[in-house]
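These notes are about the structure you will find just below.
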Amino acid sequence: MQKKISFIIKASQEFFRHTEEEEKINAPVINKFFESISNLYIPLLNMLEKFETEGNNFCFSIVMPPVLCNLLASDSLQENYIKWLENKIILGQKELNRNKDNPQILSLIKAEIEKNTLLKNQFAEKYQKRLLPVFRYYMQKGMIEILGTCGTDIFLPHYIDLPEIISAEIETGLYSYKKVFGTIPEGFWICEKGYFEGLENIIKAYGYSYTIVDSRSFLLAENIPENGTYRPCRIGNFVFFADDYYVEKEIFGEKGFVYNKKYLNLNSDIGFDLDADSLSPVMQEGTLRFSTGYTYLNRDVSKNDGCVYDKDDAHAQVLEDAENFLKEHSSRLNKMCQEDSATDFYIDVCTFDLERLSKNWFEFPDFFESIIVGLKQYDIENVSCSSLCANPSVYEKIIPYSSSGCGEGYGENLLSSKNSWMIRYIYKACVRMIDLAERFPSDSGLKNRLLNLGAQELLLSLSSKLADYIDESTFLEFAERRFKESIFAFTYIFDALGSNTVSTEWLTRIEAKDSVFPWMNYKIFAKKK
């Protein structure tokens, strides 16, 4: 009896315009992107390098959406990231002076300055400002599996009656993947794990062999799998894995890891407390407040004045939490083995949402590394899901239940009272785009540029992250502005094609701003014959 575990890290990134004139209004979103480089992506690469040197034989999966890859490859953002780090170092020097009488906080400030200095050197010299080739290198080494996904974070169940939109999103994601990583992925990540019956037929048509669904899709299926969520199932030769629903509770539940009082309280960042002049190196007057990385308190709210964060205490807590995590998951796998000794293996699929974790748990990269290191103490094999797809016929046949990994399991937060106004504009634009792809089957020149830009703008408007931000009132102004910009641009293009008039100056300007899919071919929205 084999016990297996698979880790899947879901990265995400909403597209933002980053021209010079829009840096100020998009500053909080740009800051969040740069923080993800500093606190997530470079630490993951450092971990991979460390394990390669040590000969640690492991593999985890990661979802790197096309928009994230596009922004990571942007020359201007690469330069701006270095400037951002330099400004954070300058802010740190000011903080040293402001807190000169507090030795505990001084220690944290110095550590943050050293961290940003190291990150600057690593990014500029070690990685030559290019992170994607490094991820590709570790993919080729077999240490990570990079899953394919849609072009943008679309919630596919909303477009069940528009298969052309679903196909276009999947095709865009696949083409982006091939451009960046040079190969075709086996696994497909469904955005927000939004599955509906029959979706696998479209995914499979693009060469994918498996996907991951929310645990409800297994547990509420008409024919509930005999082994619950701990063994793959299939439709035909397409394989389904269910994520472990306990992970959500362990991390974000009432007594979840993220709320431990020893961990860093990200809401206590000076970016939310100090006056604008004190934050001048990183924040302009009049911009929305955002985090700076200079955060000094832990989550211990038992004292009115808070408690200064202790890195050693936090690391000790990370080790304890990682040990508890492994014990719990090992125990559940052992229980499955005892109940059914005839099954050849069980697998525990653990998914981690980096965007949510980055907002709540600074120590997550340390926790993730501790899990991988601690796994050696348990009789559990670390595998990728793709390694279990060679012979799908051995798996049980089911029809997964339609569900999602967001909201209460059905994506209701993406069509709430706060954001439902968006869907009518999106739906109208989708129908128009499909019609345009049919009416202009082989255009070139200016019309071709218009049509390709219209396809890009539609894809950007389809991102469910915008609806999520509006529902949560997170980056609310940004999300509304971004959505309206894309819808207005698409409508302008549609009208221009109808009247056969267009401003080439406008077209060139928008192409430069929204160059997320520069290779776009609008014909992907045409009806499949």
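The analysis underlying the following values was restricted to heavy atoms, covering all of them including side chains, and did not include hydrogens, waters or symmetry mates.
- With hydrogens and angles left out, the side-chain atoms of Tyr208 and Glu186 include no donor and acceptor closer than 3.5 Å.
- Contact check for Leu174 versus Pro185: side-chain heavy atoms found under the 4.5 Å cut-off.
- Aromatic ring pairs are classed by plane angle as parallel below 30°, tilted from 30° to 60° and perpendicular above 60°; the pair Trp506 and Tyr492 is tilted.
- Remark: Glu485 engages Arg17 in a salt bridge, criterion side-chain N to carboxylate O under 4.0 Å.
- What you find for Ser416 and Asp471 is that their closest heavy atoms are OG-OD1, 2.7 Å.
- For the pair Arg98 and Glu95, the salt-bridge criterion is met [side-chain N within less than 4.0 Å of a carboxylate O].
- Among Met143, Glu54, Lys126, the single residue meeting the side-chain contact (heavy atoms from CB on, under 4.5 Å) criterion with Glu49 is Lys126.
- Using modelled atom types, no side-chain atom of Ser473 and backbone atom of Leu476 make a donor-acceptor pair closer than 3.5 Å.
- Taking the six-membered ring where tryptophan is involved, the planes of Phe325 and Phe367 are perpendicular, since the angle between them exceeds 60° and thus also 30°.
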Test side-chain contact (heavy atoms from CB on, under 4.5 Å) applied to Met422 and Leu415, step by step: CA-CA 9 Å; Met422 304 168 72; Leu415 197 60; over 6 Å; no
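- Remark: the backbone N or O of Trp189 is paired with a side-chain donor or acceptor of Thr149 at under 3.5 angstrom.
- Distance alone, capped at 3.5 Å, is enough to place a donor-acceptor pair between the Asn452 side chain and the Met520 backbone.
- The CD atom of Glu22 lies 6.0 Å from the CG atom of Asn26; values are rounded to the nearest 0.5 Å.
- A salt bridge links Lys88 with Glu112; the closest basic N to acidic carboxylate O contact falls under 4.0 Å.
- Ala467 approaches Leu414 most closely through the heavy-atom pair CB-O, 3.9 Å.
- In this structure, Ile9 and Leu44 have side chains that are in contact, with non-hydrogen atoms separated by less than 4.5 Å.
- The residues Glu355 and Lys465 are annotated as salt-bridged, a charged nitrogen and a carboxylate oxygen being separated by less than 4.0 angstrom.
- Here the CH2-CD1 distance, from Trp421 to Ile426, works out to 8.5 Å after rounding to the nearest 0.5 Å.
- With hydrogens and angles ignored, the 3.5 Å screen pairs a side-chain donor or acceptor of Asn360 with a backbone N or O of Arg356.
- Using modelled atom types, one side-chain atom of Glu363 and one backbone atom of Leu264 make a donor-acceptor pair closer than 3.5 Å.
- Residues Lys100 and Leu106 come closest through the heavy atom pair O-CD1, 3.5 Å.
- Between Ser464 and Ile154 there is no side-chain heavy-atom pair separated by less than 4.5 Å.
- What you find for Asn382 and Cys59 is that their closest heavy atoms are OD1-N, 2.9 Å.
- Nearest heavy-atom pair, Ile5 versus Cys350, reported as atom, atom and distance to 0.1 Å: CD1-SG, 4.0 Å.
- Glu169 CD to Tyr159 OH: the interatomic distance, rounded to the nearest 0.5 Å, is 8.5 Å.
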Criterion side-chain hydrogen bond (donor to acceptor under 3.5 Å, both in side chains) on Asp269 and Thr292, from CA distance to verdict: CA-CA 7 Å; Asp269 191 284; Thr292 66; 2.9 Å; yes
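- In this structure, Glu192 does not pair ionically with Lys10, as no charged nitrogen and carboxylate oxygen lie closer than 4.0 Å.
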Step-by-step side-chain contact (heavy atoms from CB on, under 4.5 Å) determination, Phe525 to Thr172: CA-CA 10 Å; Phe525 285 95; Thr172 299; 5.9 Å; no
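- Distance check, rounded to the nearest 0.5 Å: CD of Glu114 to CD1 of Ile109 gives 12.0 Å.
- Relative ring orientation between Trp361 and Tyr263 is described as tilted, the plane-to-plane angle lying within the 30° to 60° band.
- Using a 4.0 Å cut-off between a side-chain N of Lys or Arg and a carboxylate O of Asp or Glu, Lys129 and Glu79 qualify as a salt bridge.
- A distance-only check finds a donor-acceptor pair linking the side chain of Arg289 to the backbone of Leu274 [under 3.5 Å].
- Looking at Cys69 and Phe181, their side chains come closer than 4.5 Å, going by heavy atoms from C-beta outward.
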Audit row: Asp468, Asn413, side-chain hydrogen bond (donor to acceptor under 3.5 Å, both in side chains) steps and yes/no: CA-CA 7 Å; Asp468 190 32; Asn413 59 310; 3.3 Å; yes
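- With hydrogens and angles ignored, the 3.5 Å screen pairs no side-chain donor or acceptor of Asn99 with any backbone N or O of Asn102.
- The CD1 atom of Ile166 sits 8.5 Å away from the SG atom of Cys150 when rounded to the nearest 0.5 Å.
- Salt bridge Asp243/Lys193: present, at least one basic N to carboxylate O contact under 4.0 Å.
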Step-by-step side-chain contact (heavy atoms from CB on, under 4.5 Å) determination, Glu457 to Leu453: CA-CA 6 Å; Glu457 295 296 340; Leu453 180 60; 3.8 Å; yes
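- Using a 4.5 Å heavy-atom cutoff, the side chains of Phe475 and Pro28 are in contact.
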Intermediate values then yes/no, side-chain contact (heavy atoms from CB on, under 4.5 Å), Phe60 and Ile8: CA-CA 6 Å; Phe60 68 89; Ile8 299 173; over 6 Å; no
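- To the nearest 0.5 Å, the span separating CZ on Phe478 from CD on Glu14 amounts to 5.5 Å.
- Between Asp244 and Lys249 there is no salt bridge, since no side-chain nitrogen of the basic residue lies less than 4.0 Å from a carboxylate oxygen of the acidic one.
- A 6.0 Å sphere centred on CD of Gln122 holds more than 12 heavy atoms belonging to other residues, nucleotides or ligands.
- Summarising the geometry of Arg136 relative to Gly182, their closest heavy-atom pair is NH2-CA, 3.7 Å, with the distance given to 0.1 Å.
- Taking the ring centroids of Tyr309 and Tyr296, they lie at or beyond the 6.0 Å cut-off.
- When side chains are defined from C-beta on, Phe16 counts as touching Leu77, because their heavy atoms get closer than 4.5 Å.
- The environment of OH in Tyr425 is sparse: at most 12 heavy-atom neighbours from other residues, nucleotides or ligands sit within 6.0 Å.
- Between Ser280 and Asp277, the side chains place no donor N or O within less than 3.5 Å of an acceptor N or O (distance only, hydrogens not considered).
- Screening residues 173-183 for side chain to side chain donor-acceptor pair (under 3.5 Å), with sequence neighbours left out, gives no hits.
- The aromatic rings of Phe368 and Phe364 lie parallel to each other, their planes meeting at an angle below 30°, with 60° marking the opposite boundary.
- A donor-acceptor pair under 3.5 Å is formed between the side chain of Thr211 and the backbone N or O of Phe188.
- A donor-acceptor pair under 3.5 Å links the side-chain atoms of Gln78 to the main chain of Leu72, judged by distance alone.
- In terms of modelled atom types and a separation under 3.5 Å, the side chain of Arg482 and the main chain of Glu477 share no donor-acceptor contact.
- Residues that satisfy the side chain to side chain contact (heavy atoms under 4.5 Å, CB included) test with Ser107, not counting sequence neighbours, are absent from this structure.
- Shown here is Phe488, whose CZ atom has no more than 12 heavy atoms of other residues, nucleotides or ligands within 6.0 Å.
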